[in-house]
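A quick note: this is a predicted structure, and the numbers were derived from the prediction, not measured.
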Amino acid sequence: QLQLVESGGGLVQPGGSLRLSCAASGFTLDAYAIGWFRQAPGKEREGVSGISSRYTTYYLDSVKGRFTISRDNAKNTVYLQMNSLKPEDTAVYYCAAEYPDPYHSGWPRSIRRADFGSWGQGTQVTVSS
C-alpha cells in the first residue's frame, strides 16, 4: 500500500530546468527520510539528494548549487528542482523513502540504495540539444 510516484521528467536542453515530484500514498511522509537517486545506462544507481524529517538536506557534490530538494508535508509530496541541467544529468530518477528517518541527526558523505526501503518507478530525464 505504500507507494511513491515520480513525475516531471522529460527532455530538456542543456542549461534548462525541470522540477520532479514524488507523491506518496498509503502513508504520511512527514516522519520519513526521502531521497532522490538516478541511474544512467550501465552505471550504478547514485544518490543525488535527500531531505530528512527535520528538513535537513543532502546533495551530491556534482549537483550542489544546481538542484534543490524540498518537501510539502501538507501535499505529501517531495520535489527536486533541477536547474542548469547538463547532459551528464541524463538518467532515470527515482525517489525513495525510509522509516524511521535515519538522518534526523545528520547526513553521511553519501547515500546508498540499500539505505532506503521503498521506491518509486522512476521518471526519465534527458538533457540533450
Original post:
Is Tyr59 close to Thr68 at the side-chain level, that is, under 4.5 Å between some pair of heavy atoms?
Top reply: yes
**OP:** Output all residues satisfying side-chain hydrogen bond (donor to acceptor under 3.5 Å, both in side chains) with Asn76, sequence neighbours left out; order by chain, then residue number.
**Re:** none
**OP:** Identify the two heavy atoms, one from Ile34 and one from Ala97, that lie closest to each other, and give their separation to 0.1 Å.
**Re:** CD1-CB, 3.6 Å
Subject >> Any donor-acceptor pair under 3.5 Å from Arg71 side chain to Ser52 backbone >> reply: yes
Original post:
Side chains of Pro14 and Pro87: does their closest heavy-atom pair fall under 4.5 Å?
Top reply: yes
Original post:
Yes or no on side-chain hydrogen bond (donor to acceptor under 3.5 Å, both in side chains) for Ser17 and Asn83, after CA distance, side-chain angles and deciding distance?
Top reply: CA-CA 4 Å; Ser17 297; Asn83 299 326; 2.9 Å; yes
Subject >> Flag, side chain of Glu6 to backbone of Gly122, donor-acceptor distance under 3.5 Å >> reply: yes
**OP:** Would you check, one step at a time, whether the test side chain to side chain contact (heavy atoms under 4.5 Å, CB included) holds for Leu20 with Met82?
**Re:** CA-CA 8 Å; Leu20 305 183; Met82 305 186 296; 3.7 Å; yes
**OP:** Start with the C-alpha gap between Ser49 and Leu80, add the side-chain angles, then the distance that decides, and say whether side chain to side chain contact (heavy atoms under 4.5 Å, CB included) holds.
**Re:** CA-CA 8 Å; Ser49 187; Leu80 185 67; 4.0 Å; yes
Subject >> Spacing of CZ belonging to Arg19 relative to CD belonging to Gln81, to within rounding of 0.5 Å >> reply: 7.0 Å
**OP:** Start with the C-alpha gap between Val78 and Ile69, add the side-chain angles, then the distance that decides, and say whether side chain to side chain contact (heavy atoms under 4.5 Å, CB included) holds.
**Re:** CA-CA 7 Å; Val78 173; Ile69 191 169; 4.0 Å; yes
Original post:
Rounded to the nearest 0.5 Å, how far apart are CZ of Arg45 and CZ of Arg112?
Top reply: 13.0 Å
**OP:** Kindly give the heavy-atom pair with the smallest separation between Ala24 and Leu29, and that separation in Å.
**Re:** CB-CD2, 3.9 Å
Subject >> is_close_aromatic(Phe67, Trp36), centroid dist under 6.0 Å >> reply: no
**OP:** Answer yes or no: is there a side-chain heavy-atom contact under 4.5 Å between Tyr58 and Pro108?
**Re:** no
Original post:
Nearest 0.5 Å, what's the CD1-OG1 distance between Ile51 and Thr57?
Top reply: 6.5 Å
Subject >> Nearest heavy-atom neighbours spanning Ser53 and His104 >> reply: OG-CB, 4.2 Å
**OP:** Provide the full list of ring-ring contact (aromatic ring centres under 6.0 Å, His included) pairs with a residue in residues 69-96, sequence neighbours left out, each pair given once.
**Re:** none
Subject >> From CA spacing to verdict: salt bridge (Lys or Arg N to Asp or Glu O under 4.0 Å), Arg38, Asp89 >> reply: CA-CA 8 Å; Arg38 66 187 182 189; Asp89 296 318; 2.9 Å; yes
Subject >> side-chain hydrogen bond (donor to acceptor under 3.5 Å, both in side chains) against Trp107, all qualifying residues, sequence neighbours excluded >> reply: Thr56
**OP:** Taking the six-membered ring for Trp and the full ring for Phe, Tyr or His, determine whether the centres of Phe116 and Phe37 are under 6.0 Å apart.
**Re:** yes
Subject >> Donor-acceptor under 3.5 Å (Glu98 side chain, Pro102 main chain) >> reply: no
Original post:
If you take all heavy atoms of Ala40 and Ala91, which pair is closest and at what distance?
Top reply: N-CB, 3.9 Å
Subject >> Closest non-hydrogen atom pair between Cys95 and Leu4, with its separation >> reply: SG-CB, 3.7 Å
**OP:** Give the minimum heavy-atom separation between Leu85 and Arg66, together with the two atoms involved.
**Re:** CA-NH1, 3.9 Å
Original post:
Does Gln3 use its side chain to pair, donor to acceptor, with the backbone of Ser25 at less than 3.5 Å?
Top reply: no
**OP:** For salt bridge (Lys or Arg N to Asp or Glu O under 4.0 Å), just list the numbers for Asp61 and Lys64, CA-CA rounded to whole Å, side-chain angles, deciding distance to a tenth of an Å, and then say yes or no.
**Re:** CA-CA 5 Å; Asp61 284 347; Lys64 287 181 179 177; 3.1 Å; yes
Subject >> Cluster overlap Tyr99 with Leu2, hydrophobic side-chain contacts below 4.5 Å >> reply: yes
Original post:
Quick one: does Thr90's side chain have a donor or acceptor within less than 3.5 Å of a partner on Glu88's backbone?
Top reply: no
